[in-house]
Amino acid sequence: MSVSYKRSICWVRRDLRLFDHTALAEATYRSHEVFVVFVFDPTILDLLEDRAHLRVSFIHRSLQEMDRKLREQGSRLWVLLGNPATVIPQFAKEIQAEAVFASRDYEPFARRRDLTVQENLKLAGIEFLDFKDQITFDPHELATAEGNPFRVFTPFRKAWEKLFIADRDAAEAVSDLNKLARDDESIDYPMPSLKDLGFQEVELWLEPGEDAGRKRLANFASKLADYKAKRDFPALDQTSTLSVDFRFGTVSIREAIRLTLEHPSEGADSWRSELIWREFYQHILFHYPDVVDQTFQPQYRDIEYPGSKEDFEAWSEGRTGFPIVDAAMRCLNATGWMHNRLRMVVASFLTKDLLVDYRWGEAYFQRKLLDFDLASNNGGWQWSASTGADPQPYFRIFNPISQSAKFDSEGNFIRRWVPELADLEAPSIYFPALAAEFDLLTASVELGKTYPHPIVDHAIQRDRAIALLSKKPITES
DNA sequence: AGTTGCTTAGC
DNA sequence: CTAAGCAAC
């Protein structure tokens with residue numbers, strides 16, 4: 001029988017939902033009264049340059065929904081402003097809470113923050129309990145036969161599946177909503193507006209909040225069977241777009257895993273494998289937090305990337321002269337989202353064609369992506385740069401033109417985001433620089449005027465990339 | 001989660 | 001001459 005607390009706090013962070021929430025379920029079972037609390041941390045907010053920030057808007061609107069749903073239960077959400085290391089213990093003392101419940105976070109910054117919060121709570125005799133919520137297995141639950149962390153994806157996935165079949169570890173966490181604290185005017189912390197926080201409301205291309213997220217999941221169920229066959233074609237819009245919900249916890253990862261079991265198919269297996277990639281990178285980040293600043297593979301740590309600021313800017317603004325790259329970057333800039341196939345294409349282009357340090361691209365995605373997640377973003381970029389855990393081999397370089405032909409054969413995705421090329425037919429639209437003069441003329445494309453000349457020669461840059469990355473001996477202590 | 005260039009089979 | 005197969009990057 002677990003300890004019972006009179007009052008406790010469920011501190012939500014990147015788990016912005018009420019359904020299937022492990023920490024909330026645990027809190028309501030082990031306490032008589034639970035206060036659901038969120039903290040806006042100015043030290044994080046101040047780092048964000050863009051005051052019309054997608055993720056801040058998403059969080060804020062998701063919190064408003066949580067507050068509304070909690071009020072339907074006679075409770076509310078308490079939103080604090082300040083350094084969690086100070087305001088969580090302060091609030092806990094104010095309401096005389098005996099414990100703080102939270103979902104475990106695996107990012108280095110979050111781990112340090114939670115340790116400090118835990119220490120400060122301890123000084124006041126308050127417990128801090130964190131629970132596995134955002135991944136299926138915690139980093140210590142999966143290890144190689146030698147007891148080391150997995151560094152290669154396929155053995156990781158096999159171990160994950162084996163343990164999953166043994167444990168069926170995706171049960172729904174049910175909360176006892178009767179235990180939610182009554183809305184009490186004497187403990188008033190009004191929800192700050194976006195303006196109070198120094199931000200503007202932003203139009204989001206997808207609806208924030210738990211209800212919208214679970215609707216996305218339900219809609220995706222009908223696409224699951226075809227996922228394997230269709231996922232790679234950006235113009236088809238057949239991916240789940242649930243990365244956003246896993247980032248903010250508006251959908252439970254367990255609910256997603258359960259969906260793949262309820263609708264078994266090759267597509268379901270393929271999508272679950274993508275979810276396991278996500279967990280793989282969470283584990284990598286936990287076990288090797290240095291990947292935040294440096295390459296996972298030690299032989300690439302002192303590489304000097306010759307790429308220029310000018311080329312990086314052309315890439316980021318979508319004017320490289322390679323239509324699939326430009327379409328993808330303009331889509332990112334306009335919506336805060338990019339199809340996974342295109343994330344690989346543009347990352348390969350930046351690191352292998354432009355020979356720019358992958359960290360520049362990683363930082364750019366961090367700024368722009370609505371679904372930005374440190375573990376997945378770093379993992380994806382290091383995969384593309386060939387510097388990561390189980391990376392793309394350095395000699396396996398995407399050709400942006402053949403990627404267009406394979407995955408956007410009609411050119412429809414390009415047409416959607418690079419309207420100045422809309423009248424070009426495939427295959428000319430893959431690479432106008434090599435299109436027949438007549439085709440360009442009839443499509444009113446003037447290279448260097450209406451659409452840029454290619455900023456590099458792929459064949460030459462490919463050789464340079466292989467030369468740059470093959471020099472180093474592959475030795476490890 | 002690829003691309004390239006060379007070899008060879010088939011017409 | 002083209003397509004398919006294969007090794008190397």
Side-chain angles (χ1 to χ4, degrees), chain A residues 150-158 160-161 226-236 238-240 243 266-284 291 295-297 299-300 303 322 324-325 328 338-355 358 361-362 365 371 373 375-409 413 427 430-431 434 454 456-474:
Chain A
F150 284 102
R151 302 161 62 97
V152 179
F153 175 69
T154 304
F156 175 87
R157 178 170 52 74
K158 289 190 172 150
W160 189 101
E161 282 163 352
D226 286 339
Y227 178 76
K228 192 177 186 207
K230 296 185 174 169
R231 51 171 288 216
D232 261 324
F233 304 97
L236 296 185
Q238 292 289 313
T239 55
S240 74
S243 51
E266 279 207 325
D269 290 345
S270 162
W271 190 55
R272 192 170 55 248
S273 178
E274 296 302 310
L275 299 181
I276 299 172
W277 269 106
R278 176 182 163 276
E279 304 208 357
F280 177 62
Y281 286 137
Q282 295 273 344
H283 283 216
I284 291 290
V291 294
T295 66
F296 178 90
Q297 303 288 346
Q299 71 268 30
Y300 299 127
I303 279 217
F322 290 79
I324 194 73
V325 173
M338 194 192 290
H339 187 285
N340 183 58
R341 162 67 45 189
L342 300 174
R343 295 189 199 197
M344 296 192 285
V345 170
V346 302
S348 177
F349 190 81
L350 185 71
T351 57
K352 308 289 170 67
D353 283 88
L354 301 183
L355 300 166
Y358 72 87
E362 183 191 359
F365 271 30
D371 66 14
D373 172 88
S376 297
N377 193 49
N378 181 269
W381 273 96
Q382 291 223 38
W383 181 86
S384 289
S386 302
T387 64
D390 196 11
Q392 167 94 311
Y394 68 87
F395 46 79
R396 209 180 268 176
I397 293 171
F398 285 46
N399 179 327
I401 300 150
S402 27
Q403 289 283 313
S404 297
K406 273 190 199 163
F407 300 112
D408 187 36
S409 60
F413 182 81
Y430 305 156
F431 197 48
L434 282 183
V456 287
D457 180 321
H458 172 72
I460 293 172
Q461 298 304 100
R462 176 181 189 271
D463 290 346
R464 287 184 67 197
I466 288 171
L468 180 72
L469 294 166
S470 63
K471 266 187 289 189
K472 305 278 172 178
I474 301 179

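In what follows, chains are A, B, ... by sequence order, proteins preceding strands, each numbered from 1. Small disclaimer: the values here were computed from a predicted structure and weren't measured.
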Between [N] atom [atom2] and [X] atom [atom1], what is the distance in whole Å?
| X | N | atom1 | atom2 | result |
| --- | --- | --- | --- | --- |
| Asp353(A) | dT4(B) | CG | P | 10 Å |
| Arg396(A) | dA8(C) | CZ | C1' | 12 Å |
| Ile466(A) | dT4(B) | CD1 | C1' | 9 Å |
| Lys406(A) | dT4(B) | NZ | P | 9 Å |
| Asp463(A) | dT3(B) | CG | P | 15 Å |
| Arg464(A) | dT4(B) | CZ | C1' | 19 Å |
| Phe398(A) | dT4(B) | CZ | C1' | 15 Å |
| Gln403(A) | dT3(B) | CD | C1' | 10 Å |

Nearest atoms (heavy-atom pairs only) where Ser384(A) meets Lys352(A): O-NZ, 3.0 Å
Between Asn399(A) and dT4(B), does any side-chain N or O lie under 4.0 Å from OP1 or OP2? yes
With heavy atoms under 4.0 Å as the rule, sort [X] into base, sugar-phosphate or nothing.
| X | value |
| --- | --- |
| Lys352(A) | nothing |
| Arg462(A) | base |
| Ser384(A) | nothing |

Do Thr387(A) and Gln297(A) meet the criterion of a side-chain donor-acceptor pair at a distance under 3.5 Å? no
Can you say whether the rings of Phe233(A) and Phe407(A) are parallel (under 30°), tilted (30 to 60°) or perpendicular (over 60°)? tilted
Using a strict 4.0 Å threshold on nitrogen-to-oxygen distance, state whether Arg157(A) and Glu161(A) make a salt bridge. yes
